[in-house]
Amino acid sequence: MQHRAGFGQWLRALRDTRGLTQEELAEASGSSVRTIREMERGRVRTPQRRTVALLADALGLAGPDRDRFVGLARAGHRPQPDPGVVASAPVLPSELPAAVPNLVGREAELTVLARLTTGVTDGSATTASVVVLHGPPGTGKSSLAVAAGHRLGTAFTDGQLFLDLHGTAPTDTGRADSAQVETGRADTGRAGGAFAGIVEPAEALAGLLRSLGVPEEAIPGPPEQRGRLFRTLTRDRRLLIVVDDAADEAQVRPLLPAGRHCLTLVTSRRPLTGLTGAVRVPVGLLAPDAAWRLLASITGEDRLAADPTGTAELVELCGRLPLAIRVAGNRLASRPGWPVGQLVAQLADPRRRLTALTAGDLDVRATFDVSYRRLGATIAGVFRRASLVPGAEFDAGLLAAVTHVDVESAAAAAEELVDAGLLLPRGDRYAFHGLTRIYARERLALEE
């Protein structure tokens with residue numbers, strides 16, 4: 001039954017992709033409308049070879065795609081399980097990873113996502129059904145997307161799909177250390193393991209089609225055909241799709257469904273401004289009270305209340321960066337005898353701070369490494385030398401003076417660094433996150 005359902009599903013998808021009605025396909029193939037209808041419903045046990053060949057001709061199938069189509073139809077000739085013994089009910093995809101139990105400080109972002117969800121599911125959305133959660137490394141974009149998916153997923157009755165694009169994988173320049181990259185992706189909340197590398201859109205589409213029940217032998221070879229089949233299958237479904245850790249627009253664009261009732265949440269360090277019509281939700285640093293609450297959720301409120309001054313200093317030393325606060329909280333939780341002040345003392349020296357902000361596979365320095373090593377040589381040089389700029393904020397003119405480039409080049413480099421999450425915009429000026437400045441000075445000392 002699984003094979004017959006798979007053949008029927010693919011037959012319908014191919015017909016829809018080519019814009020044919022059942023009547024038009026019947027006329028083109030010399031079959032009856034009833035035969036095609038029964039095939040698509042999976043009720044025809046053994047489609048005739050001639051019928052299958054004529055259908056393939058009418059659908060314009062050739063080469064490997066035609067072979068797969070014919071092979072899938074022939075699978076119906078194999079002995080089938082007794083339907084009274086083996087049920088063949090489709091599995092509703094529910095692929096979201098477990099949500100972090102202590103997501104705090106993201107109420108405003110969750111409110112935006114809830115409003116968009118309502119508009120998409122009831123068909124009244126006036127905004128795009130694609131949302132890009134973007135921000136600097138370590139701000140917890142993936143954790144937010146997964147938590148939102150669990151809260152909002154029940155509105156999408158056809159299931160939730162999850163796809164990790166590994167967009168912050170090292171490039172082929174070989175500049176990144178794979179172990180550092182792997183641990184540095186800790187803002188996603190995922191453990192380490194064998195590093196998979198950047199996922200190509202064709203590979204991602206194949207995974208999505210499998211999740212939607214398309215048999216392996218029915219997945220088209222050419223990427224554009226995979227995209228058409230994916231859009232066909234999602235046209236009338238209510239799906240929530242979380243596309244995590246995207247590198248750029250080209251990696252995401254082929255994966256977007258065309259259906260009105262699908263919502264796609266994309267996480268990326270970049271705002272992906274090339275995705276027309278997408279809603280962009282910046283994910284930044286935590287407010288001081290939210291940073292305190294996150295730390296308390298890990299260590300316990302009483303421990304922080306015993307030293308409120310030290311706790312406030314600890315939060316600021318972590319730059320109110322969620323990843324750094326989680327690392328600090330985990331270190332305190334694993335050392336119940338430590339007072340808060342002991343960790344504060346370790347972090348007080350900027351030269352030791354990034355090294356101290358490591359706990360297991362959570363590593364703040366490594367998550368900065370991922371963005372830095374994807375920069376071109378010129379932009380990386382501007383980033384390193386920008387750490388010499390005095391004061392909290394600077395404009396393009398001051399940046400040009402320190403980095404020895406012209407003002408126009410300095411402004412362009414600063415904007416690129418903002419998109420990479422390594423600088424923060426401040427109107428027409430720029431600023432370092434406290435930990436990022438320390439990282440830039442480390443790179444300057446090591447490379448220059």
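The structure displayed is predicted, hence computed values, not measured ones. One is the number of the first residue; the rest follow in order along the sequence. Hydrogens, waters and symmetry mates are skipped; everything else that's a heavy atom, side chains included, is used.
Looking at every heavy atom in both residues, L96 comes nearest to V146 through CD1-O, 4.4 Å. A pairwise comparison of heavy atoms in T139 and G135 identifies OG1-C, 4.1 Å as the closest pair. Taking each heavy atom of R303 and L332 in turn, the nearest pair found is NH1-O, 2.6 Å. The nearest pair of heavy atoms linking P257 to T234 is CB-OG1, 3.4 Å. Across all their heavy atoms, N330 and A359 have their closest contact at CB-CB, 4.2 Å. Residues V252 and L165 share a closest heavy-atom pair of CG2-CD1, 4.3 Å.
The backbone N or O of W338 lies less than 3.5 Å from no partner atom in the side chain of Q342, so there is not a single donor-acceptor pair. At distances below 3.5 Å, not a single donor-acceptor pair connects side-chain atoms of R320 with backbone N or O atoms of P288. For E95 (side chain) and L163 (main-chain N/O), no donor-acceptor pair under 3.5 Å exists by modelled atom type. At distances below 3.5 Å, not a single donor-acceptor pair connects side-chain atoms of R237 with backbone N or O atoms of D158. Within the 3.5 Å criterion, the main-chain N or O of V364 finds no donor-acceptor partner in the side chain of T367. Of the possible polar contacts, none joining the E393 side chain to the R429 backbone as a donor-acceptor pair under 3.5 Å is found. A donor-acceptor pair under 3.5 Å is formed between the side chain of S268 and the backbone N or O of A246. Distance alone, capped at 3.5 Å, places no donor-acceptor pair between the H261 side chain and the F156 backbone. Judged purely by atom type and a 3.5 angstrom limit, R226 uses its side chain to pair as donor or acceptor with the backbone of P220. K141 contributes a side-chain N or O that, together with a main-chain N or O of P136, makes up a donor-acceptor pair within less than 3.5 Å.
One distance of note links CZ of R235 with CZ of R260; it measures 13.0 Å at 0.5 Å rounding. To the nearest 0.5 Å, the span separating CG on D244 from OG1 on T267 amounts to 3.5 Å. Atom SG of C262 sits about 9.5 Å away from atom CG of D236, to the nearest 0.5 Å. Rounding to the nearest 0.5 Å places OG of S143 at 11.0 Å from CG of L133. We find the CG-CG distance between L444 and L388 to be 5.0 Å, quoted to the nearest 0.5 Å. Rounding to the nearest 0.5 Å places OG of S387 at 7.0 Å from CZ of R437.
Checked against E448 for a salt bridge (Lys or Arg N to Asp or Glu O under 4.0 Å), the options R384, R443, R441 give a single hit: R384. No option in V131, L275, V130 other than L275 meets the side-chain contact (heavy atoms from CB on, under 4.5 Å) test with R280.
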Verdict with reasoning, L265 to L240, per side chain to side chain contact (heavy atoms under 4.5 Å, CB included): CA-CA 8 Å; L265 304 182; L240 174 67; 4.2 Å; yes
Side chain to side chain contact (heavy atoms under 4.5 Å, CB included) between L286 and W292, intermediate numbers included: CA-CA 9 Å; L286 293 175; W292 182 297; over 6 Å; no
Steps toward side chain to side chain contact (heavy atoms under 4.5 Å, CB included) verdict (L59, L25): CA-CA 8 Å; L59 293 168; L25 180 58; 4.0 Å; yes
L14/L61 under side chain to side chain contact (heavy atoms under 4.5 Å, CB included): CA gap, chis, key distance, verdict: CA-CA 10 Å; L14 290 169; L61 297 176; 4.0 Å; yes
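Scored by the salt bridge (Lys or Arg N to Asp or Glu O under 4.0 Å) test, R106 finds E109 as partners (sequence neighbours excluded).
Between the side chains of Q346 and R331, a donor-acceptor pair is found at a separation under 3.5 Å. R269 and S371 share a side-chain donor-acceptor pair at under 3.5 Å. Between the side chains of R365 and T355, at least one donor N or O sits under 3.5 Å from an acceptor N or O.
Between L144 and L110 the shortest side-chain heavy-atom distance falls below 4.5 Å. Side-chain contact between V340 and T299 is absent, with no heavy atoms from C-beta onward closer than 4.5 Å. In this structure, L161 and L212 have side chains that are in contact, with non-hydrogen atoms separated by less than 4.5 Å. By the 4.5 Å heavy-atom criterion applied to side chains, R326 and L294 are counted as neighbours. Within the 4.5 Å cutoff, no side-chain heavy atoms of V132 are placed close to those of P271. By the 4.5 Å heavy-atom criterion applied to side chains, F230 and V214 are not counted as neighbours. Side-chain contact check for L343 versus R335: every heavy-atom pair is 4.5 Å or farther apart. A heavy-atom distance below 4.5 Å is found between the side chains of D395 and L398.
Atom CZ of R353 has more than 12 heavy atoms from other residues, nucleotides or ligands within 6.0 Å. With a 6.0 Å radius and a threshold of 12 heavy atoms from other residues, nucleotides or ligands, E408 has its CD atom at or below the threshold.
Applying the ring-ring contact (aromatic ring centres under 6.0 Å, His included) rule to pairs touching residues 411-448 yields F368-Y439, Y372-Y439, F383-F432, sequence neighbours excluded.
A salt bridge links R270 with E416: the closest approach of a Lys/Arg side-chain nitrogen to an acidic carboxylate oxygen falls below 4.0 angstrom.
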